Amino acid sequence: MRTTTRVAVIGGGVVGCSVLYHLTKLGWSDVMLIERSELTSGSTWHAAGGFHTLNGDTNMAALQGYTIKLYEELEEITGMSCGLHHVGGVTLADNQERFDMLLAERAKHRYMGLETEIVGPEEIKKIAPVTNTDGILGALYDPLDGHLDPSGTTHAYAKAARMGGASIETHCKVEETNQRPDGTWDVVTDKGTIHAEHIVNAAGLWAREVGAMAGIYLPLHPMEHQYIVTDDIADIKAMPAEHPHVMDPAGESYLRQEGRGLCIGFYEQPCRPWAVDGTPWDFGHELLPNDYDKIEDSIAFAYKRFPVLETAGIKSVIHGPFTFAPDGNPLVGPVPGLRNYWSACGVMAGFSQGGGVGLMLAQWMIEGETERNTFAMDIARFGQGVITPGYTLPKVIENYQKRFSVAYPNEELPAARPFRTTPMYDIFSNMGAVWGQQYGLEVANYFARTEGEPTYETPSFRRSDAFEATAREVKAVRSSVGINEVQNFGKYNVTGPNARAWLDRIMAGRIPKAGRLSLTPMLSPKGRLIGDFTVSCLGEEEFQLTASYGSQAFHTRWFGQNMQDGVAYENISDRRTGFQIAGPKARDILAACTRTDISDMKFMDVRRMCVGMADCIVQRVSYTGDLGFEIYCDAIAQRQLWNTLWAAGEPHGMTPFGMRTMMSLRLDKFFGSWMSEFSPDYTAAETGMDRFISFKKNVEFIGRAAAEAERATPPVRQLCAFEVDAVDADVVAYEPIWIDGTVQGFCTSGGYSHYAGKSIAQALIPRKLARNELEVEIEILGKMCKARLITEPLFDADGARMRG
Ligand SMILES: Cc1cc2nc3c(=O)[nH]c(=O)nc-3n(C[C@H](O)[C@H](O)[C@H](O)COP(=O)(O)OP(=O)(O)OC[C@H]3O[C@@H](n4cnc5c(N)ncnc54)[C@H](O)[C@@H]3O)c2cc1C
């Protein structure tokens, strides 16, 4: 056995083997995989082997497309068969909401180059004749759907990796992982110790246990899952070609041909988590006992949808465990806070996603960043020390149960809530707050404050029942003053003699002088947007940074990777909170609450002052685009600060507002939002963030060369705003933009501007076409809506109110 390696991949399931192959493909050959038994000895060997592209997250869908296309490449390289059956598949819709979701997915696929299509019941009957289409409105047909041989495919990855120089050690169990002071690892196995520069945890069912060896908690949990294979069925035997896949969300089942019979699996509601207290080490190539009780209702439903099943005999039942993260997407990337330790686990659909996971991880390790935004699978999306096993378990159960449910853009999932709350939770609840959750934290979406108003926002693709409340809150902000919490900003203290120099290097924008703040993009070396920050200079050696709350671990991981002497950063997101007040009366309200003279406080000023009894940092800036102030205090003083501001504001009509209102207000000014307009998928020049880059500063900030290259040769895409002739459904994201009959761009976000009474979209389109009043069409839920490019903000176009 080798005793040194650049990378030790722990786990020889489909994911570990894919990671190993991609590392060699991208140029690292000094890599090895360690497997405690034979390859495929976790979930992999008993998988049904199905693959498909459908995923609510666009980047995940694209990576699933990559995975599926990769199999032919693997077969070619290795001469081995992956047992591919490219039979295509339909996903059925039995109600309008499900059909809306498929229409939205189809629309997204247009610019992704995926050739799915919407088919009606007659066509479904032709494509998938065993389906009873009674009550079916239509389906999404995907020619890429299919299935393969799980074991053959895993071995093909392994062979391709070996051909690239990798070695594989089977029957070798990792028992400890110990980090040396230089950041490298001693991987202690039952066959001896391997010294590795990097570790990849791809231990699947045992990923929790392997993570614990390095002192980390990985938020995933195994669930039991069952599928049935029938005896031969005459109708199937008689078919001229293989029957395609049928996903039936109403029945929570997936079905495909297996031999001359059928194979059907279920995501049943009475599901069961497995190995709650840890995966036993002696669990091997084995199955769980059959459990028909659990899937009784699902089978009864399946008999109606696929009547041939009712008389079919059962050849075998496969019942095994596999792992899920709380949102069902993989956990990939550098584990925050731990050097040279990478995660490739929580992959619940290894044959749809394994290739994409391998590619992204290999790019990350070798090139320092991935070619596309991987946040939907980034382990950092669950933070560091935020998520607990107590949270993960109910979320994983919820995710399993909702595997086939419609995923609505405004949906707030109920499991494991409330979890993290601020001191305002009960006060706002008593005022009618309807809560959402971000990164485990409760955040008010809107306030139901009138008699009979819904206190639950019904999930919908169309305008929701938060519409009236949002309109009311928007009106209050624009005409008087609104208040909401700033708990959901990520906040960091940066201090030390080199604080300014460090910020100058990691941020592309100007770092402000004392008493001022600035907005700045943070760029990756390749010039991608990895942050949009507000930097406030509280003193020459003290800065407050604010950015997205949900990206705390993503951002602190980057800070940690790019640290230098003489500077310290601290994540104070939950310790420092407060409020923002915005609207024409905001200054008067603040002035009434502090003895500090704020009459000369200019736009983008920052000052320390006492507000009521609380020591606060007050910034004159607001994402609402209005006259506004962000007022930060210690969490412990937040209720007192609230009492002060509310007592001063209520007589003047001060109104609490939530995130729905915030998102509507920002559209009035075409402000972008993090992970919509601003994400690692885009560059500063594409999104207009280049206006905040300081090319004048004499610093080699990260991403400078890439940003300068874009300045010399502007990118082909440009972010623009559109006024949309929408009726009852606004743009959410990724709807295609049609210009002269072809898809030439896509929306990044959108919504309804209650201030202007208009539906607004933001979209990336070819720069050469971007001109005021350009007429386009936007496909919203399968309907073409006319839209016009607009360049003048809907509110305060000259900034007089915001700056005045
Ligand atoms: C019944 C069923 C049907 C499924 N059907 C499908 C499907 O149709 N399509 C699909 O895409 N997915 C399907 N899946 C899910 C799929 O099986 C998983 O997504 C996939 O197998 C995960 O692979 P993995 O490599 O991450 O983990 P695993 O397959 O669990 O592999 C982990 C490996 O790590 C090894 N290991 C663990 N600890 C150590 C250690 N300490 N030292 C050395 N080695 C170690 C294990 O022995 C194991 O081989 C199904 C799952 C089940 C249960």
Side-chain angles (χ1 to χ4, degrees), residues 8-20 32-52 64 67-68 145-151 153-154 157-158 168-177 187-191 194 199-213 220 222-229 245 247 254-256 258 263-267 274 279-285 287-288 316-325 328 330-332 343-355 357-358 400 403:
V9 178
I10 304 173
V14 64
V15 175
C17 291
S18 168
V19 169
L20 195 72
M32 76 185 286
L33 184 145
I34 307 159
E35 165 55 49
R36 72 188 177 110
S37 177
E38 297 288 344
L39 297 182
T40 79
S41 290
S43 299
T44 297
W45 73 273
H46 53 55
F51 52 75
H52 56 90
Q64 294 184 191
T67 303
I68 294 168
D145 278 6
H147 55 277
L148 45 63
D149 164 18
S151 177
T153 300
T154 307
Y157 273 126
I168 295 179
E169 198 65 39
T170 55
H171 299 284
C172 181
K173 180 175 166 241
V174 173
E175 297 186 322
E176 286 175 34
T177 54
V187 180
V188 181
T189 77
D190 53 4
K191 285 185 177 171
I194 300 154
I199 282 181
V200 176
N201 179 345
L205 285 178
W206 294 266
R208 291 174 298 173
E209 286 71 23
V210 170
M213 292 175 192
L220 57 87
M223 294 292 295
E224 295 179 359
H225 184 61
Q226 205 164 201
Y227 66 88
I228 293 172
V229 180
H245 288 216
M247 256 69 66
Y254 55 89
L255 171 129
R256 66 168 172 83
E258 172 75 36
C263 157
I264 184 163
F266 303 102
Y267 282 87
W274 183 74
T279 303
W281 284 111
D282 59 359
F283 187 78
H285 262 268
L287 292 173
L288 308 175
S316 58
V317 177
I318 306 289
H319 191 198
F322 66 143
T323 59
F324 286 74
L331 297 170
V332 180
S343 170
C345 45
V347 185
M348 62 74 53
F351 297 95
S352 297
Q353 300 173 335
V357 167
Y400 186 99
R403 178 88 196 122

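Heavy atoms only: backbone and side chains are in, while hydrogens, waters and symmetry mates are out. All ligand and atom numbering here is 1-based and tracks the order in the structure. Here the structure is a predicted model, which is why all the values come from computation and not from measurement.
Residue Phe351 has at least one N or O atom closer than 3.5 Å to an N or O atom of ligand 1. Below 3.5 Å of separation, one finds no N or O of Trp206 facing any N or O of ligand 1. At under 3.5 Å, not a single nitrogen or oxygen of Val210, backbone or side chain, sits near a nitrogen or oxygen of ligand 1. For a threshold of 3.5 Å applied to N or O pairs, the pair formed by Tyr227 and ligand 1 contains no separation below that value. Residue Thr44 has at least one N or O atom closer than 3.5 Å to an N or O atom of ligand 1. In terms of N/O distances under 3.5 Å, ligand 1 is not approached by Met213. Between Phe322 and ligand 1, not a single N/O pair is under 3.5 Å apart. Between Gly350 and ligand 1, an N or O atom pair is found at a separation short of 3.5 Å. Between Gln226 and ligand 1, no pair of N/O atoms sits closer than 3.5 Å. Annotation: Val347 places an N or O atom under 3.5 Å from an N or O atom of ligand 1; distance criterion only.
At least one heavy atom of Cys172 sits closer than 4.0 Å to an atom of ligand 1. Within the 4.0 Å heavy-atom cutoff, Trp45 does not count among the residues contacting ligand 1. Residue-ligand proximity: Gly12 is placed with a non-hydrogen atom under 4.0 Å from ligand 1.
Of the inter-residue distances, the one linking Lys173 atom NZ with Trp206 atom CH2 reads 10.5 Å to the nearest 0.5 angstrom. Between the CE atom of Met223 and the CZ atom of Arg403 there is a distance of 12.0 Å, given to the nearest 0.5 Å.
In this structure, the side chains of Val174 and Met213 come closer than 4.5 Å at one or more pairs of heavy atoms.
The salt bridge (Lys or Arg N to Asp or Glu O under 4.0 Å) check on Glu224 picks up Arg272, Lys294, with sequence neighbours excluded. Applying the ring-ring contact (aromatic ring centres under 6.0 Å, His included) criterion to Phe351, with sequence neighbours excluded, gives no partner residue.
With hydrogens left out, the protein atom closest to atom 31 (O) of ligand 1 is Gly13 CA, 3.5 Å, a heavy atom. The single protein non-hydrogen atom nearest to atom 5 (N) of ligand 1 is Ala48 N, 2.9 Å, given as residue, atom name and distance. For atom 28 (P) of ligand 1, the nearest protein heavy atom (residue, atom name, distance) is Ser43 N, 3.5 Å.
Selection from His171, Gln353, Glu35, Lys173 by nearest heavy atom to atom 47 (O) of ligand 1 gives Glu35. Nearest residue to atom 36 (N) of ligand 1 from His225, Glu224, Arg36 is Arg36 (criterion: closest heavy atom). By heavy-atom distance, the residue among Gly50, Cys263, Ser352, Gly204 lying nearest atom 27 (O) of ligand 1 is Gly204. When the heavy atoms of Glu209, Gln64, His46, Arg208 are ranked by distance to atom 52 (C) of ligand 1, first place goes to His46.
Under 4.0 Å from ligand 1, not a single heavy atom of Ser37 appears. At a heavy-atom cutoff of 4.0 Å, ligand 1 is contacted by the backbone of Pro321 but not by its side chain. Here Met348 has backbone heavy atoms under 4.0 Å from ligand 1, and that is the only part of it that gets that close. The proximity of Phe51 to ligand 1, defined as any non-hydrogen pair under 4.0 Å, does not occur for either the backbone or the side chain. Counting heavy atoms under 4.0 Å from ligand 1, residue Cys345 does not touch it at all. When non-hydrogen atoms are compared, ligand 1 lies under 4.0 Å from neither the backbone nor the side chain of Thr189. In Phe324, neither the side chain nor the backbone holds a heavy atom less than 4.0 Å from any atom of ligand 1.
Using cut-offs of 30° and 60° on the angle between ring planes, the pair Phe322 and Tyr267 is tilted.
Between Val9 and Ala202, the shortest heavy-atom distance links the atoms CG1-CB, 4.2 Å. Contact detail for Pro280 and Trp274: the closest heavy-atom pair is CD-CH2, 4.0 Å.
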His225 and His319: CA distance, side-chain angles, deciding distance, ring-ring contact (aromatic ring centres under 6.0 Å, His included) verdict: CA-CA 6 Å; His225 184 61; His319 191 198; 8.5 Å; no

Criterion side-chain hydrogen bond (donor to acceptor under 3.5 Å, both in side chains) on Arg36 and Ser41, from CA distance to verdict: CA-CA 8 Å; Arg36 72 188 177 110; Ser41 290; 5.4 Å; no

